[in-house]
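Structure first, commentary second.
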Protein chains: 2
Amino acid sequence: MRLSPDQTIELAEMLHIMGEANRLGILLCCLETERAVSDIAAELSLTPSLVSHHLRLLRGARLVRARRQGKQVFYSAADAHVRSVIADLVAHVGEDEAEG
Amino acid sequence: MRLSPDQTIELAEMLHIMGEANRLGILLCCLETERAVSDIAAELSLTPSLVSHHLRLLRGARLVRARRQGKQVFYSAADAHVRSVIADLVAHVGEDEAEG
DNA sequence: CCAACGTATGAACAGTTGTTCATATGTACA
DNA sequence: TGTACATATGAACAACTGTTCATACGTTGG
């Protein structure tokens, strides 16, 4: 239950990457389904350039993985582990709403 | 499972506050046990001033609550909900180690 | 009252971050 | 090859953040 300093830093870095609204939105956007960059940009009303910048950080943090198919690049959650962490967080937000 | 824009912002703000190593360390430090500011500062080798600054942000995000007792102020996780969220995150870090 | 202690606050500074714009890379198709 | 499209990258800039230092506040005991 207690983390080492290194583990604390590691977790903080992950949370830091997720702790920006647009970036979190992008991550949620391609959590369950593979999504192309322009697709994400359209859904969140962001420029493709900005989405690409954020995806680079998300990829750097191993939260997301990319797959090229023709001109498009499809992004999705890196693995089941990431999906699970975020599903937990999302579930907790839902609980907050219920409690008021 | 899908979050509204407002919920996304709310969650991002929470993650943003937790996404700094010293602050996360402080939060973990007073997760299970009530801890005085100087106590936390000593354990993490930080100045009481810095710890106080960070605790103000943690309190602002309702992640932590304060209780004054004489000259000291004891901080602890705001509620069971916060403890649960962080316990989940900590557990996932443990899994990462196991997987390699 | 005063002094000592624990905590909080505010100003200031360097370093970082999110965003935009311009431009480059990569791919497909005529 | 050349044009069009999707994505990526880099520079630049304002806004923000973590930290330090000095100082203030609140509490206890003389």
Side-chain angles (χ1 to χ4, degrees), chain A residues 5 8-30 33-78, chain B residues 5 8-30 33-78:
Chain A
T8 303
I9 291 173
E10 191 185 345
L11 177 55
E13 281 170 353
M14 177 187 167
L15 297 174
H16 179 82
I17 293 295
M18 296 192 298
E20 201 277 325
N22 284 335
R23 209 151 49 215
L24 180 61
I26 292 168
L27 182 55
L28 293 173
C29 209
C30 59
T33 315
E34 241 186 3
R35 277 272 176 45
V37 176
S38 55
D39 196 16
I40 299 171
E43 177 152 340
L44 301 180
S45 301
L46 303 174
T47 62
S49 172
L50 181 54
V51 173
S52 185
H53 276 297
H54 282 311
L55 281 169
R56 192 158 72 96
L57 295 177
L58 289 168
R59 215 175 42 185
R62 299 176 200 282
L63 288 169
V64 135
R65 67 175 178 32
R67 182 180 68 87
R68 172 144 236 152
Q69 181 177 324
K71 287 185 272 193
Q72 307 187 76
V73 177
F74 290 87
Y75 283 84
S76 56
Chain B
T8 303
I9 291 173
E10 191 185 346
L11 176 55
E13 282 171 353
M14 177 187 169
L15 297 174
H16 179 81
I17 292 295
M18 297 194 296
E20 199 278 325
N22 285 334
R23 210 151 49 214
L24 181 60
I26 292 168
L27 183 56
L28 292 174
C29 208
C30 59
T33 315
E34 243 186 0
R35 278 272 176 45
V37 176
S38 55
D39 197 16
I40 298 171
E43 178 152 340
L44 301 180
S45 301
L46 303 174
T47 62
S49 173
L50 181 55
V51 173
S52 185
H53 274 299
H54 282 312
L55 281 169
R56 192 158 73 94
L57 295 177
L58 289 168
R59 215 175 42 184
R62 299 178 200 283
L63 288 170
V64 133
R65 65 173 178 36
R67 181 180 68 86
R68 172 144 235 153
Q69 182 177 322
K71 285 185 274 193
Q72 306 188 76
V73 177
F74 290 87
Y75 282 85
S76 56

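- Rounded to an integer number of Å, the gap from CG of A:L57 to P of D:dT9 is 11 Å.
- The nearest whole Å value for the distance from the CD atom in B:Q72 to the C1' atom in C:dA8 is 15 Å.
- Across the protein-nucleic acid pair, B:I26 atom CD1 and D:dG18 atom C1' stand 11 Å apart, rounded to whole Å.
- Screening A:N22, A:I40, A:L44 against A:H54 for a side-chain contact (heavy atoms from CB on, under 4.5 Å) leaves a single residue, A:N22.
- The nearest pair of heavy atoms linking A:G19 to B:H16 is O-CB, 3.3 Å.
- Taking B:E34 as the reference, B:R67 meet the salt bridge (charged side-chain N to carboxylate O under 4.0 Å, His left out) condition, with sequence neighbours excluded.
- Nearest heavy atom pair, residue A:I17 against residue A:L58, reads CG2-CD2, 3.6 Å.
- In terms of heavy-atom proximity, A:S52 sits nearest to A:V37 at N-CG1, 4.5 Å.
- A:S52 comes within 4.0 angstrom of a base, heavy atoms only.
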Could you list all N or O pairs between the protein and nucleotides 19-25 of chain C that sit under 3.5 Å apart?
unit_1	atom_1	unit_2	atom_2	d
C:dT19	OP1	A:N22	ND2	2.5
C:dT19	OP2	A:N22	ND2	3.4
C:dT19	OP2	A:H54	NE2	2.6
C:dT20	O4	A:H53	NE2	3.4
C:dC21	N4	A:S49	OG	2.9

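- For A:K71, the side-chain atoms get nearest to C:dT27 when compared with the rest of C:dG6, D:dT7, C:dT27.
- Taking atom CD of B:Q69 as the reference point, atom P of C:dT7 lies 11 Å away to the nearest angstrom.
- Under the 3.5 Å distance criterion, the side-chain polar atoms of A:R59 are left unmatched by any main-chain donor or acceptor of A:A66.
- In this structure a side-chain-to-backbone donor-acceptor pair under 3.5 Å is missing from B:R62 to B:V64.
- Within the structure, a side-chain polar atom (N or O) of B:H16 is placed less than 4.0 Å from OP1 or OP2 of D:dT17.
- For the pair B:L15 CG and C:dG18 C1', the computed distance is 17 Å after rounding to whole Å.
- Straight-line distance from the CG atom of B:L24 to the P atom of D:dG18: 13 Å, rounded to whole Å.
- A:Y75 comes within contact range of the sugar-phosphate backbone alone, with a heavy-atom separation under 4.0 Å but no base atom that close.
- Rounded to an integer number of Å, the gap from CZ of B:R67 to C1' of C:dG6 is 15 Å.
- B:R56 has its CZ atom 12 Å from the P atom of D:dG18, to the nearest Å.
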